[in-house]
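What you see is a predicted model, and the numbers here were worked out from it, not measured in a lab.
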Amino acid sequence: MDDIQAGSVHPAGDDEHDESQQGPARKRQRVRLSCLECRRRKLSCSRELPCDRCIKSGTPERCTYESRPGSTSIPLAEKTSFAPAAPPVSFAPEARRPTVPAPVARRDVDSSVLRDATRDHERIRRLELEVAQLRGTLSKQVSLDGSTIVASPSTLKDSVRDTQSNPSNPSFTPQNADYSEYRNLRGHDFKTRYIGPHNAWSSLQELTGIFHFMRETAEEWLKPLNIQKKDRKKRKEDREKKFAESDLSLESLLPPKDETDSLVDVYLDQFEQIHRIIHIPTFKAEYRAFWNQPKTRNAAFTALLLCMIAVSCCLDIQTSNKFVGVKSSSFQTAERWIKACDEWYERQSQKHRKLVHYQIACLLYLAKRVNTIKKKRFWTTAGTMIREGVSVGFHQDPDRVTAKISPYLGEMRRRLWATMVEFDIQASFDQGLPTIVSQIHNDAEAPKNVDDEGFDENSEELPVSRPPNEYTFSSYQHFSRRSLLLRLELNKVLTGFPMDLEWEQVLQYIDMITHEIDQLPSWDLENGKDSEVSHKPILAHTLLHIQLRQYLIPLLQPYLKLRETSSKYQVAELMYYSAARDIVLMHDRLYQKGIRTLYFIREDTMNSVINLCNVTLHQPKGSTSLIMSNAQETLRLIESCIALKEDRVLRCGNNDPWGYSSMCAAYGLLETHLDIKPAEAAKAAAAERFISLHYKLLAFQIPPYPNQQSQSHTTTPQTTQEPISRPKSITPFPLDAASAAPLGTTPFPREGMPLSMPWLLPSTDANHLNAMPNPEFNFEMLGSDLNDLWGDWGGGDFA
């Protein structure tokens, strides 16, 4: 056996010349095929020089391999044929600043060197496989006294590696992956569990013969005592029976079938093309059975359906939409559905979960995001989903693990993981907090660029991804993965340890962002494919661009103030303005086509208004700069953003009032800076816009509860405003008696907007100075004070 462990078995065809140089027979040391850096980090290695992981981590000079006995390992930095032209930008946690924008590229290597290296690798591979097979055979033998043969830890490791169950992907073999990285995922389908390398269970596997010892002990000593075993089969049957049960409380919340059909169509048409959560053909088959066979309804699918229509409830607004206070009836209905599904989801087992449970978790987060429910918890909720995904191994690619996962469920795992990652990254950017994804080794491949019709639950293999110029429902997730490393690095720079980026570093990051934008595919944005659910390539195209351009704003913002000290930062102003302008134009283009998805799940409209005003206010009055020359276009862009926000308020209600009031105030502040209006007129115009929107909400008020409303009010929409019985101030901010100008009778016109009903601009005619002000209206039905809706100015001056 010592000869076997020493590697004395030689396959036919070995190079005789090599053996003649080695001299007498001696023990052969096992040569590792992975580089030393990947072995230290316990990651898979591409076994090239330099390997792909060392290149991605920005440390190609550290890529070294274990040499044969008698030779020394040569670092990559000492091999001139592999030396990189320049140090790359590092995505490693210890290095966050780029050094040069040029990517690392492999240089040509002498063909004879590559040929010799390939031959040596194949020779070593054959030797290791034969030795591992012999060790596995010997480890199963028993000694004469019945005890198992105690092997060395290295022998056990090799035997375990070769006796693992076959992975779900038939092409996955020890030749193309490292088992030590993927054997920590146990289970099957969605009932999997990821165990880290330092887990107690992983350490237990290092004890040679312990499993065989425990099995023999149970058979010889415990079984004769008639100790009852767990009836796992019966437990599984009980779980399946309970899963198939219906939930009448959830079903009672469902709207009629016609209304549900409409809401489902809106969701599939406007949300499923960016965040892939369901498999559309499978869902449609279950949806038909849900209505055709009511007795077979299960609670999980009912909760899934409620979450789905809660996402699209406010987008499918009807002309008769009502309001209760500042919240629309559609919003309150969605809020009720979300609360019920949240309570049902919390009651579910954390151990025995299926695909539908993770779909419900993603839909619940999306519904809360669309309806702005629990906004302060977006970041923590997204982080919780990432942790749950890691615990079941979503971050490991299903084709490279030993767990039994079907191709259909493997692709759904990739889609759900990609959705969770995008949720976490965007929540991190919106709140300026670190993302948990940057601390995880994400090995999952991008979802394939295929439509759902190409595979189903019975598919034995997945179709090949479509070409980049061919759009599918999964195109967004497929191409968004390409820029994931860059966006994670930018998130770490912007939300990590505070540091001052040099201007050259900012330019390098901008160059990297621009490069990623240029690599995005260009589809036919006007025409989609003919199918039951129309393709919207413009939606995925816009989101792919915006999620990269948004990083230009915080990178360039510190240099706006430095423009006054150095003229070289003038380009920062122009790039800052162009980025904000492009984001508004892309949102407006979607709005003109009736696509409201992005401004319901993102905060680009308010951010763009603040950014456009910020860069314009940094320009001196009377300046002839390009930004000041384009001031009228800037005002038009801000008007577009405010119109988008008003459309959302009229659909969901003003459940995020601070955003709308800030946009109105920023517009008035910019008008004052551009000398378009005096400060008092700008204040009145901002307040007029704010009050005008809430006056529209008053026109469609309904009582929340019959016993809380007076008998004089009915449940029908109000078309006229009743006179009030007592005075009430409607001024959103206090005005001094000396500075408050009386309101006249001149209507305030706005281009493209209807005339406001209750508000009028101050008159400039001296004869109207003592005229009666506008009649005040009763805003008590909104359920909140207008000063609270307007927000706190924080003590700053308006002008």
Side-chain angles (χ1 to χ4, degrees), residues 243-273 277-325 327-345 356 359-360 362-364 366-371 373 531-534 594-597 600 647-648 650-653 655 700-706 709 714-717:
F243 178 80
E245 294 178 354
S246 60
D247 191 320
L248 298 179
S249 61
L250 292 179
E251 292 184 16
S252 63
L253 297 175
L254 283 172
K257 184 178 182 302
D258 294 341
E259 185 178 348
T260 305
D261 291 344
S262 176
L263 293 174
V264 169
D265 290 340
V266 172
Y267 170 80
L268 297 178
D269 186 59
Q270 300 216 10
F271 289 95
E272 193 61 30
Q273 300 197 39
I277 299 177
I278 64 171
H279 184 256
I280 297 179
T282 303
F283 168 79
K284 288 186 174 181
E286 295 178 356
Y287 183 73
R288 288 191 294 268
F290 180 85
W291 292 106
N292 297 334
Q293 303 173 1
K295 295 183 180 180
T296 61
R297 295 177 179 177
N298 61 76
F301 189 81
T302 306
L304 176 74
L305 194 56
L306 284 174
C307 294
M308 184 179 296
I309 61 179
V311 174
S312 57
C313 184
C314 290
L315 274 74
D316 190 43
I317 187 174
Q318 303 297 326
T319 55
S320 59
N321 193 40
K322 310 296 191 301
F323 285 85
V324 178
K327 297 179 180 180
S328 67
S329 57
S330 299
F331 169 83
Q332 294 186 330
T333 301
E335 190 177 32
R336 185 166 61 253
W337 294 339
I338 292 172
K339 182 179 179 181
C341 293
D342 248 336
E343 294 175 352
W344 177 89
Y345 185 77
V356 66
Q359 291 174 327
I360 291 174
C362 292
L363 286 172
L364 271 175
L366 186 59
K368 293 176 183 178
R369 182 114 194 172
V370 169
N371 295 282
I373 298 176
S531 62
E532 294 184 10
V533 181
S534 61
I595 303 176
R596 297 177 169 85
T597 310
F600 267 80
D647 178 76
R648 176 170 180 169
L650 292 175
R651 291 173 178 272
C652 291
N655 51 350
F700 298 98
Q701 287 292 313
I702 59 175
Y705 303 104
Q709 195 73 12
T714 62
T715 58
T716 57

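Aromatic ring centroids of Phe283 and Phe301 lie under 6.0 Å apart.
Contact annotation: the side chain of Val264 approaches that of Leu305 to within less than 4.5 Å [non-hydrogen atoms, C-beta and beyond]. Contact check for Trp344 versus Cys307: no side-chain heavy atoms found under the 4.5 Å cut-off. A heavy-atom distance below 4.5 Å is found between the side chains of Ile277 and Tyr267. Counting heavy atoms from C-beta outward, Leu364 and Cys341 have side chains that approach closer than 4.5 Å. By the 4.5 Å heavy-atom criterion applied to side chains, Leu263 and Met308 are not counted as neighbours.
Formation of a donor-acceptor pair under 3.5 Å by the Ser262 side chain with backbone atoms of Glu259 is not found in this model. Between the side chain of Ser312 and the backbone N or O of Leu315, no donor-acceptor pair lies under 3.5 Å. In this structure, Glu335 contributes its side chain and Ile373 its backbone to no donor-acceptor pair below 3.5 Å. When atom types are taken as modelled, the side chain of Thr597 and the backbone of Phe271 share no donor-acceptor pair closer than 3.5 angstrom.
The shortest non-hydrogen separation linking Gly653 to Phe323 is CA-CE2, 3.9 Å. Minimum heavy-atom separation, Ala299 to Leu250: O-CD1, 4.0 Å. Residues Asn371 and Ala334 share a closest heavy-atom pair of OD1-CB, 3.9 Å. Across every non-hydrogen atom of Leu363 and Val311, the tightest pair is O-CG2, 3.9 Å. Among all heavy-atom pairs drawn from Arg648 and Arg369, the shortest one is NH2-O, 3.8 Å. When every heavy atom of Leu304 is checked against every heavy atom of Gln359, the shortest pair comes out as CD1-CB, 4.0 Å.
The CG atom of Leu306 lies 8.5 Å from the OG1 atom of Thr260; values are rounded to the nearest 0.5 Å. The distance from atom NZ of Lys368 to atom CG of Asp342, rounded to the nearest 0.5 Å, is 3.5 Å. Rounding to the nearest 0.5 Å gives a distance of 12.0 Å between CZ of Arg596 and SG of Cys314.
Annotation: side chain to side chain donor-acceptor pair (under 3.5 Å) contacts involving residues 285-305, sequence neighbours excluded, comprise Asp261-Tyr287, Tyr287-Trp291.
Remark: Lys327 NZ is loosely packed, at most 12 non-hydrogen atoms of other residues, nucleotides or ligands lying under 6.0 Å away.
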